[in-house]
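Encoded as structure tokens, the structure appears first; notes follow it.
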Amino acid sequence: MVEISNKPNIGGMRTVADDAEYSSKLLAREGKLFAGLLATRFKGFAIGACIATLLIVIIPFIAKAAGL
């Protein structure tokens with residue numbers, strides 16, 4: 001016997017809504033990450049340039065001065 005119900009079948013709509021919510025959260029997370037990377041790129045470049053200068057110029061100069 002087939003059972004007839006007056007309740008709507010919203011399982012498919014719920015699945016689509018969950019997928020849309022997940023996608024929007026994923027896009028928002030990626031946007032925040034990209035914004036954070038853009039905000040810190042100049043600071044990171046400056047720190048990297050200082051470390052490179054230290055390793056390439058200053059440390060060999062100190063070693064040469066110390067007679068190593």
Verify the cluster assignment for Ile47 and Leu55: are they in a single hydrophobic cluster under the rule of side-chain heavy atoms below 4.5 Å apart? yes
For Lys64, which residues count as a salt bridge (charged side-chain N to carboxylate O under 4.0 Å, His left out) partner, sequence neighbours excluded? none
Connecting only ILVMFWY residues whose side-chain heavy atoms lie within less than 4.5 Å of each other, what is the rest of Phe34's hydrophobic cluster? Leu38
Taking only residues two or more places apart in sequence or in another chain, which ones pass side chain to side chain contact (heavy atoms under 4.5 Å, CB included) with Asp19? Thr15
Under the side chain to side chain contact (heavy atoms under 4.5 Å, CB included) rule, collect the residues that match up with Leu27, sequence neighbours excluded. Glu30
By side chain to side chain contact (heavy atoms under 4.5 Å, CB included), which residues pair with Ile62, not counting sequence neighbours? Ile58
Separation of Ile56 CD1 from Ile51 CD1 (nearest 0.5 Å): 11.5 Å
Got a sec, which residues hit side chain to side chain donor-acceptor pair (under 3.5 Å) with Lys32, two or more places apart in sequence or on another chain? none
